[in-house]
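Scroll down for the structure; my scribbles are underneath it.
A, B, ... follow the sequence lines: proteins, then strands. Residue 1 opens every chain.
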Protein chains: 2
Amino acid sequence: MIIVEGYVRFADAGDFSRIRDAAFAQMHASRAEPGCLDYTYAIDVADPCLMRVLERWESWQALEDHFARPHMIPWRAALASVAIEARSLRAHETAETRQV
Amino acid sequence: MIIVEGYVRFADAGDFSRIRDAAFAQMHASRAEPGCLDYTYAIDVADPCLMRVLERWESWQALEDHFARPHMIPWRAALASVAIEARSLRAHETAETRQV
């Protein structure tokens, strides 16, 4: 399994509300992709400018296919329409998993 | 590296605000632990009852030590004071990591 985790930091706490509809569409379309196990955006409880990203994919191939999907185009356009101060995303292949 | 990911689903969207101070204290204390790389709570943008959890730890040992820390006691008490409908948390050891 591949876990994508990280964040997008908006310049202004109101920026997310300007792209909320696009984010919902992106989540909905991504969750319907083959190999997508989870695809979530969430606002950090301590920082309203920080959008946390958590995705789970069945394979590297599923993640690579995701980046080429048509629904990425309006999502990237939405992100480009607001001021983003920082962005950090990493993808990890998992080995052992434990319930906690 | 160990990634902990998952969620806590509150019965009511207002429940998180009742434990906000305890959550802040838990995040602050956990981030100060040896081996903690990240410790975040965030509210899902599509569901205000859903608190997303994302943690990163240097090792299984660091995570196991975390569960035994004294600051877990008031945090568990705070969680027990609100109605939780579901809870799902998994810890994954990572192998290959890629920037995305």
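Within the 4.5 angstrom heavy-atom criterion, no atom of B:Tyr7 approaches chain A. For A:Ala23, no part lies under 4.5 angstrom from a heavy atom of chain B. Heavy atoms closer than 4.5 Å to chain B are found nowhere in A:Asp47, neither backbone nor side chain. Heavy atoms closer than 4.5 Å to chain A are found in the side chain of B:Glu64, but not in its backbone.
Taken together through direct or relayed side-chain contacts under 4.5 Å among Ile, Leu, Val, Met, Phe, Trp and Tyr, B:Met27 and B:Leu79 form part of one hydrophobic cluster. The hydrophobic cluster containing A:Phe16 also contains A:Val82, counting ILVMFWY residues as joined when their side-chain heavy atoms lie under 4.5 angstrom apart, directly or transitively. Transitive grouping of hydrophobic side chains (ILVMFWY, heavy atoms separated by less than 4.5 Å) keeps B:Ile19 and B:Ile73 in distinct clusters. When hydrophobic clusters are built by joining Ile, Leu, Val, Met, Phe, Trp and Tyr residues whose side-chain heavy atoms come closer than 4.5 Å, directly or via intermediates, B:Leu37 is not grouped with B:Tyr41. A:Ile2 is not connected to B:Val4 by any chain of hydrophobic side-chain contacts under 4.5 Å among Ile, Leu, Val, Met, Phe, Trp and Tyr, and they are in different clusters.
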Discussion item. Let's go through B:Asp44 and A:Arg52 carefully: what are the C-alpha distance in whole Å and the side-chain angles of both, what is the deciding distance for side chain to side chain contact (heavy atoms under 4.5 Å, CB included) to 0.1 Å, and is it a yes or a no?
Written reply: CA-CA 9 Å; B:Asp44 192 281; A:Arg52 300 277 179 191; over 6 Å; no
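In terms of heavy-atom proximity, A:Val45 sits nearest to B:Phe24 at O-CZ, 3.4 Å. In plain terms, the two heavy atoms of A:Val53 and B:Leu54 that are nearest each other are O-CD2, 4.5 Å. B:Ala91 and A:Val100 make their closest contact through CB-CG1, 3.7 Å (heavy atoms, listed as atom of the first residue, atom of the second, distance).
Shown here is A:Arg87, whose CZ atom has no more than 12 heavy atoms of other residues, nucleotides or ligands within 6.0 Å. Atom CG of B:Asp12 has more than 12 heavy atoms from other residues, nucleotides or ligands within 6.0 Å.
Side-chain atoms of A:Trp60 and B:Glu96, non-hydrogen and from C-beta on, do get closer than 4.5 Å to each other. For the pair A:Glu5/B:Ile3, a side-chain contact is recorded, criterion being any heavy-atom separation below 4.5 Å from C-beta on.
Your options are A:Arg98, A:His92, A:Arg90, and the one with the most heavy-atom pairs under 4.5 Å with chain B is A:Arg98.
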